[in-house]
Amino acid sequence: MADLKALADAVISGNHTKAVELTKQALGEKTAPEDVLQKGLVAGMDEVGRRFKANEFYVPEVLIAARAMKMAMEQLQPVLTASGVKPLATAVIGTVKGDLHDIGKNLVSMMLRGAGFNVVDLGVDVEPAKFIGAAKENNAQLVGLSALLTTTMPMMESVIKEVRSSSMSGLKIMIGGAPVTKEYADKIGADGYAPDAASAVDIARALVKA
Ligand code: B1M
């Protein structure tokens, strides 16, 4: 019988070979693809997030866990799509214009994918209009903005202003990045702020439910 706990453990330890093998095995045994996702892969990434928040895991452990998750997802995705399982929500994410830092943003993307979001990652140095265009095109519920430079933080406010004055004014906006604070997020009218990738998952889940 498919061992979804072992699959979660393979993700937590970043053992991609085992994660892929157990995913294939579970699918071969006709385990519901949603269970493979939620009880195996997402459960594993949730624990990775918990350990990261508790400083029991650091960036390298999160990256290897996310790689295991991604490789297992490659097996699972076609089956999920065929069975009509819907993603939790769609999030468009990127590093704002003028800013080339993407390590943290990539972590947030990976953790959101791990939590069952469909993530459209626009990369770095993203113009405000591109966020809105991609959100429209992908029917997104959430936009995620990352900035690592004090000089590019104001670009987040520009994106928020553009979103609020567009036909997508109801889009939820989450921001983050080393120099960003909750106070700053409130000041510029963001819906949510996350200090790290694991908290970003909690905030994103809450925002798309609201
Ligand atoms: Co740059 N850099 N950098 N840099 N760089 C910083 C940010 C800096 C603090 C270093 C310093 O001086 N001490 C400083 C900024 C100072 C300031 O603005 N006050 C700085 C500078 C000045 C610069 C340049 C201007 C240097 C130069 O050329 N003179 C230049 C700018 C280029 C540009 O962007 N236009 C530059 C360039 C670079 C590199 C290209 C060399 C490289 C980036 C490589 C890459 O990203 N692919 C780089 C790096 C690596 C850093 C440091 C060392 C590390 C950043 C990082 O990846 N951290 C950084 C110093 C530091 O932070 N200690 C620094 C690890 C990452 C996991 O954390 O990104 O904070 P972080 O992400 C976290 C959270 O913030 C949060 O979750 C993540 C995971 O927990 N988070 C979100 C991030 N985005 C989020 C989005 C969310 C939610 C949470 O919702 C959407």
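Atoms within each ligand, like the ligands themselves, are counted from 1 in listed order.
In the model, Ser199 has a side-chain atom that pairs as donor or acceptor with a side-chain atom of Asp196 under 3.5 Å.
Annotation: atom 71 (P) of ligand 1 to nearest protein heavy atom, Gly104 CA, 4.0 Å. Given atom 50 (C) of ligand 1, the protein heavy atom at minimum distance is Ile103 CD1, 4.3 Å. Counting only heavy atoms of the protein, atom 55 (C) of ligand 1 lies nearest to Leu148 CD1, 4.2 Å. For atom 20 (C) of ligand 1, the closest non-hydrogen atom on the protein side is Leu149 CD2, 3.7 Å. In this structure, atom 18 (O) of ligand 1 lies nearest to the protein heavy atom Thr150 N, 2.9 Å. What sits closest to atom 33 (C) of ligand 1 on the protein, heavy atoms only, is Leu100 N, 3.5 Å. When hydrogens are left out, the protein atom nearest atom 81 (N) of ligand 1 is Gly177 N, 3.5 Å; that is the closest non-hydrogen contact. At the shortest separation from atom 42 (C) of ligand 1 among protein heavy atoms lies His101 CD2, 4.1 Å.
Residue contact check: Gly144 has heavy atoms under 4.0 Å from atoms 91 (C) of ligand 1. Atoms of ligand 1 found under 4.0 Å from any heavy atom of Leu107 (numbered from 1 in listed order, with element): 67 (C), 79 (C). Set against the non-hydrogen atoms of Ala178, the atoms of ligand 1 under 4.0 Å away are 70 (O), 75 (O). Heavy-atom contacts of Ala197 reach the following atoms of ligand 1: 77 (O), 79 (C), 80 (O) (cutoff under 4.0 Å). Using a 4.0 Å cut-off to heavy atoms of Asp196, the atoms of ligand 1 that qualify are 76 (C), 77 (O), 80 (O). Of all atoms in ligand 1, numbered sequentially from 1 with element shown, those under 4.0 Å from a heavy atom of Phe52 are 80 (O). The atoms of ligand 1 that sit less than 4.0 Å from any heavy atom of Asp99 are 34 (O). Annotation for ligand 1: atoms under 4.0 Å from non-hydrogen atoms of Ala194 are 88 (C), 89 (C).
At least one heavy atom of Gly98 sits under 4.0 Å from some atom of ligand 1. Heavy atoms of Ala147 come nearer than 4.0 angstrom to ligand 1 in no pair at all. Ligand 1 has no atom lying under 4.0 Å from any heavy atom of Thr151.
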### Message
Between Asp186 and Lys182, is the salt bridge (Lys or Arg N to Asp or Glu O under 4.0 Å) condition met? List the steps.
### Response
CA-CA 6 Å; Asp186 290 343; Lys182 169 85 172 70; 2.9 Å; yes
### Task
Would you please test Met174 and Asp191 for side-chain contact (heavy atoms from CB on, under 4.5 Å) and show each step?
CA-CA 6 Å; Met174 173 173 73; Asp191 299 296; over 6 Å; no
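There is a protein heavy atom closer than 4.0 angstrom to atom 85 (C) of ligand 1. Distance remark: protein heavy atom not present below 4.0 angstrom from atom 52 (C) of ligand 1. Distances from atom 58 (N) of ligand 1 to the protein include no heavy-atom value under 4.0 Å. Under the 4.0 Å distance rule, the nearest protein heavy atom to atom 37 (C) of ligand 1 falls inside the cut-off. Put simply, atom 10 (C) of ligand 1 has no protein non-hydrogen atoms near it, under 4.0 Å away. Within a 4.0 Å radius of atom 16 (C) of ligand 1, the protein contributes no heavy atom. Atom 76 (C) of ligand 1 is approached by the protein to below 4.0 angstrom, counting heavy atoms only. Remark: atom 61 (C) of ligand 1 lies closer than 4.0 Å to no protein heavy atom.
A salt bridge between Arg50 and Asp46 is absent, with no side-chain N of the basic residue lying under 4.0 Å from a carboxylate O of the acidic one. Using a 4.0 Å cut-off between charged nitrogen and carboxylate oxygen, Lys53 and Asp202 count as a salt-bridge pair. Residues Glu21 and Lys24 are not paired through a salt bridge, judged by the lack of any N-O separation under 4.0 Å between the basic side chain and the carboxylate. Taking a cutoff of 4.0 Å between a charged side-chain nitrogen and a carboxylate oxygen, Lys187 and Glu183 do not qualify as a salt bridge.
Side chains of Glu61 and Ser13 form no contact here, defined as non-hydrogen atoms less than 4.5 Å apart. For the pair Met153 and Tyr184, the minimum side-chain heavy-atom distance is below 4.5 Å. Annotation: side chain of Ile173 is in contact with side chain of Ile175 (closest heavy-atom distance under 4.5 Å). The shortest side-chain heavy-atom distance between Asp99 and Asp125 does not fall under the 4.5 Å cut-off. Side-chain atoms of Val92 and Leu122, non-hydrogen and from C-beta on, do get closer than 4.5 Å to each other. Within the 4.5 Å cutoff, side-chain heavy atoms of Asn106 are placed close to those of Asp121. Taking the side chain as every heavy atom from C-beta outward, Thr95 and Leu100 never approach each other to under 4.5 Å. Contact of the Leu63 side chain with the Leu107 side chain is registered, since non-hydrogen atoms from C-beta on lie closer than 4.5 Å.
With Pro195, Ser199, Gly176 as candidates, the residue nearest to atom 74 (C) of ligand 1 on a non-hydrogen basis is Pro195.
One hydrophobic cluster holds both Val126 and Val163 under the rule that ILVMFWY side chains link at heavy-atom gaps under 4.5 Å.
Counting non-hydrogen atoms of neighbouring residues, nucleotides and ligands closer than 6.0 angstrom, the CD atom of Glu34 reaches no more than 12 such neighbours.
When heavy-atom distances to ligand 1 are checked against a 4.0 Å cut-off, Ile175 comes that close only through its backbone atoms N, CA, C and O. Only the backbone of Leu145 comes within 4.0 Å of ligand 1, judged by heavy-atom distances.
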